[in-house]
Chemist: 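Mind having a look at this structure? Questions to follow.
What's counted below: heavy atoms across the whole structure, side chains too, no hydrogens, waters or symmetry copies.
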Amino acid sequence: MNLIMTIILITLIVPSILAFVSFWLPQMDPDTEKLSPYECGFDPLGSARLPFSLQFFLVAILFLLFDLEIALLLPLPWGDQLCNPAETLFWATTILILLTIGLIYEWAQGGLEWAE
């Protein structure tokens with residue numbers, strides 16, 4: 001049996017075994033908690049006029065902000081290949097300092113306190 005036939009057999013047999021095991025192995029015991037829809041931490045059966053938690057919104061915005069920080073710093077390793085890598089390091093450090101100052105400001109204002 002050559003290498004290609006072995007790879008084809010493995011790619012057919014292993015997923016088939018895993019699909020069979022995952023279908024028969026779990027116990028199906030649905031309860032009300034698992035069957036209820038999840039709506040961002042809010043009770044879906046309550047009133048729709050409940051006030052929105054600003055702290056929940058703030059945490060989501062901060063997560064997006066620091067998630068974008070990663071996207072801004074992703075090209076940093078390729079920036080070392082430029083003619084002047086010190087400029088790349090300067091801009092990356094500037095971004096990190098601005099975000100750190102913003103985080104310190106939010107922390108000092110109490111925006112990261114979950115309990116009031």
Chemist: Roughly how far, to the nearest 0.5 Å, is the CG atom of Leu99 from the OG1 atom of Thr94?
Modeler: 11.0 Å
Chemist: Which residues satisfy the side chain to side chain contact (heavy atoms under 4.5 Å, CB included) test with Ile7, sequence neighbours excluded?
Modeler: Leu3, Thr11
Chemist: Which residues satisfy the side chain to side chain contact (heavy atoms under 4.5 Å, CB included) test with Ile101, sequence neighbours excluded?
Modeler: Ile97
Chemist: List, by chain and then residue number, the residues other than Trp91 in its hydrophobic cluster (Ile/Leu/Val/Met/Phe/Trp/Tyr, side-chain heavy atoms under 4.5 Å); write none if there are no others.
Modeler: Phe90
Chemist: With a cut-off of 3.5 Å and sequence neighbours excluded, list every side-chain donor-acceptor pair involving residues 60-67.
Modeler:
none

Chemist: So how far is it from Leu96 CG to Leu103 CG, rounded to the nearest 0.5 Å?
Modeler: 12.0 Å
Chemist: Members other than Ile104 in its cluster, when Ile, Leu, Val, Met, Phe, Trp, Tyr link by side-chain heavy atoms under 4.5 Å?
Modeler: none
Chemist: For Ile4, does the CD1 atom sit with more than 12 other heavy atoms under 6.0 Å from it, leaving out its own atoms?
Modeler: no
Chemist: Partners of Ile17 by side chain to side chain contact (heavy atoms under 4.5 Å, CB included), sequence neighbours excluded?
Modeler: Ile13, Val21
